[in-house]
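Just so you know, ligand 1 is whichever comes first in the structure, and atom 1 is the first atom listed for that ligand.
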Amino acid sequence: MGKALIIGAGGVSSVVIHKCCQNPEIFEEICIASRTIEKCDAIKNKLSGSRTKIHTAQLDADNTDMVIDLIKSFGPDIVINVALPYQDLSIMDACLATGIHYVDTANYEPPETPKFEYKWQWAYREKFEKAGITALLGSGFDPGVTGVFCAYAQKHYFDEIHSIDIVDANAGDHGYPFATNFNPEINIREITANGRYFENGEWVETEPLSIKKIYDLPEIGPKNIYLLYHEELESLAVNIKGIKKIRFWMTFSDNYLNHLRVLENVGMTSIQPIVYEEQQIIPLQFLKAILPDPASLGPRTKGKTNIGCIMKGIKDGKPKTYYVYNVCVHEECYKEVGSQAISYTTGVPAMIGAMLILKGIWKKPGVFNVEEFDPDPFMEALNKYGLPWQEDFSPVLLD
Ligand code: NDP
């Protein structure tokens, strides 16, 4: 059916590529392009028997002209951006210049300020509309599946959703004293920022990790969950009509938080450059270089993740509650595609988003978040491609 240019060759990219190769009728040909071509070649070599034809290319995606040249020489129908959020705008510019559809899993963030927001990418709406191409933003798990879960609940179960609590739990153990499950720089920037949630039309700001609760998660058990700001809150607050309150919660072990606190206290999570032996270094980037590569956690990680949305609202004038979630097993992900569940739960939805655009089901000129499309084909594809979901109509609510 089509050709995809996949940018980035990290943990998430590897899963996207494995999933595209499991679906060769849709993804007939792909090109893996990233900063370090050896990483692209290593993924290609793992999939040597695939029916999907695989090419690789060296690419600095910060350089729009280079992305344009590669798009022109490879001729994809779609670009799947699974590099870093810093590259979103340069890649979107290249898609506009060449008239190619765009998918990503994380919203733009300027490298010098840890402040991810949709405003930069939403500003492209008119340009994509005029160019007649689709940009699908945040088609990972969270953001991504969480938005589809909300749109599905809105379509099938509620007249109005009043509150949404997104709970992201990882009960996996990789055996290292400290490691992050996806890009450490992006992960630590997210966690050390202030928390924020939406209530009655306003954003309430909280100190980092200052609100904690215990929630008993299906198949995982009771866990400490901490309130964080997360990017889907921004788009869901706009796209779920009548919403009064949305919060995002993530599990962290005491051990993880102790390490993080020490690293923060000694300045290792700072993004302010320092000069060391006449070289300018950014402590957080140096920390990323010495921490385990998330892509290497696959064979070591055991246990489950559970990510879902707990909702409260009304249907036919009566109060209604609904919880929809996916449980994913790290070892099973590794057996299937050679990656742990965090990369898996992000890579599968990125492939599904791209597939729905290629099939014309989610193709619409403009820039969209996942919850703006019909959730049903995405929900069906989650069951088919490895992320089955479960429902509970009387969940315990978070107060
Ligand atoms: P990794 O750090 O493992 O991989 C990032 C890849 O991008 C690397 O191969 C890196 O190259 C490449 N890259 C970085 N800069 C450039 C550049 N300028 N040009 C070309 N390639 C570049 O990250 P992950 O795979 O863990 O995460 C990928 C994305 O997925 C991130 O944006 C992350 O925020 C997002 N994500 C989304 C989630 C969701 O649920 N929505 C959950 C988890 C992640 P090199 O190898 O040379 O460094």
**Study point:** Taking atom 9 (O) of ligand 1 as the reference point, the nearest protein heavy atom with its distance
**Key:** A9 N, 2.9 Å
Exercise for review: State whether a side-chain donor-acceptor pair under 3.5 Å links Y325 with E219.
Suggested key: no
Review point. Side chains of D376 and Y152: donor-acceptor distance under 3.5 Å anywhere?
Key: no
Exercise for review: Check whether any N or O atom of G8, backbone or side chain, sits under 3.5 Å from an N or O atom of ligand 1, and answer yes or no.
Suggested key: no
Exercise for review: With salt bridge (Lys or Arg N to Asp or Glu O under 4.0 Å) as the test, would you mind laying out the steps for K155 and D374 before giving the verdict?
Suggested key: CA-CA 9 Å; K155 180 174 174 183; D374 178 6; 2.9 Å; yes
Exercise for review: May I ask you to check whether I186 has an N/O atom sitting below 3.5 Å from an N/O atom of ligand 1?
Suggested key: no
Exercise for review: Describe, in one word, how the ring planes of Y322 and F393 are oriented to each other, choosing from parallel (under 30°), tilted (30 to 60°) and perpendicular (over 60°).
Suggested key: tilted
Review point. Residues two or more places apart in sequence or in another chain: which of them pass salt bridge (charged side-chain N to carboxylate O under 4.0 Å, His left out) with E205?
Key: R196
Practice item. List the closest protein heavy-atom neighbour of atom 46 (O) of ligand 1: residue, atom name, distance to the nearest 0.1 Å. Key: K39 NZ, 2.6 Å
Check your understanding: Can K223 be said to sit on top of Y215's aromatic six-ring, NZ or CZ under 6.0 Å from centre and within 45° of the ring axis?
Key -> no
Study note, to complete from the structure: Counting heavy atoms under 4.0 Å, the part of P143 that contacts ligand 1 is both
Review point. Can you list the ligand 1 atoms lying under 4.0 Å from a non-hydrogen atom of P85?
Key: 32 (O)
**Study point:** Shortest protein contact, atom 5 (C) of ligand 1 (heavy atom only)
**Key:** L84 CD2, 3.8 Å
Exercise for review: Among all protein heavy atoms, pick out the one at the shortest distance from atom 48 (O) of ligand 1; state its residue, atom name and that distance to 0.1 Å.
Suggested key: R35 NH2, 2.7 Å
Exercise for review: Can you pull out the closest protein heavy atom to atom 44 (C) of ligand 1? Residue, atom name and distance to 0.1 Å, please.
Suggested key: F182 CD1, 3.5 Å
Review point. Where is the nearest protein heavy atom to atom 2 (O) of ligand 1: which residue, which atom, and how far?
Key: N183 ND2, 2.7 Å
Point to revise | Side chains of H259 and R261 in contact at under 4.5 Å (non-hydrogen atoms) | key: no
Exercise for review: Could you list which atoms of ligand 1 come closer than 4.0 Å to a heavy atom of A106?
Suggested key: 32 (O), 34 (O)
Exercise for review: Give the atoms of ligand 1, by number and element, whose distance to some non-hydrogen atom of V82 is under 4.0 Å.
Suggested key: 28 (C)
Exercise for review: Tell me which protein heavy atom sits closest to atom 43 (C) of ligand 1, plus the residue, atom name and distance to 0.1 Å.
Suggested key: T346 OG1, 3.4 Å
Review point. Would one find an N or O of F141, backbone or side chain, under 3.5 Å from an N or O of ligand 1?
Key: yes
Review point. For N239 and E371, what are the C-alpha separation, side-chain angles and deciding distance, and is it a side-chain hydrogen bond (donor to acceptor under 3.5 Å, both in side chains)?
Key: CA-CA 7 Å; N239 292 327; E371 65 272 14; 2.9 Å; yes
**Study point:** Check: E38 side chain, D41 main-chain N or O, donor-acceptor pair, under 3.5 Å
**Key:** no
**Study point:** T36, V15, L59, T105: member with heavy atom nearest to atom 41 (N) of ligand 1
**Key:** T105
Review point. Could an N or O of ligand 1 be found under 3.5 Å from any N or O of A61, whether backbone or side chain?
Key: yes
Check your understanding: Would you say the side-chain atoms of R189 pair up with the backbone N or O of P111, donor to acceptor, closer than 3.5 Å?
Key -> yes
Check your understanding: Which residue owns the protein heavy atom closest to atom 24 (P) of ligand 1, what's the atom, and how far is it?
Key -> V12 CG2, 3.8 Å
Revision key, fill the gap. Among A83, S13, G10, S34, closest by heavy atom to atom 10 (C) of ligand 1 is S34
Exercise for review: Using only heavy-atom distances, determine whether the side chains of E160 and H162 contain a donor-acceptor pair under 3.5 Å.
Suggested key: yes
Exercise for review: Please check if any side-chain donor atom of D93 sits under 3.5 Å from a side-chain acceptor atom of Y124, or the reverse.
Suggested key: yes
Check your understanding: Which atoms from ligand 1 have a heavy atom of G11 less than 4.0 Å away?
Key -> 3 (O), 25 (O)
Check your understanding: Is there a heavy atom in P294 that sits closer than 4.0 Å to ligand 1?
Key -> no
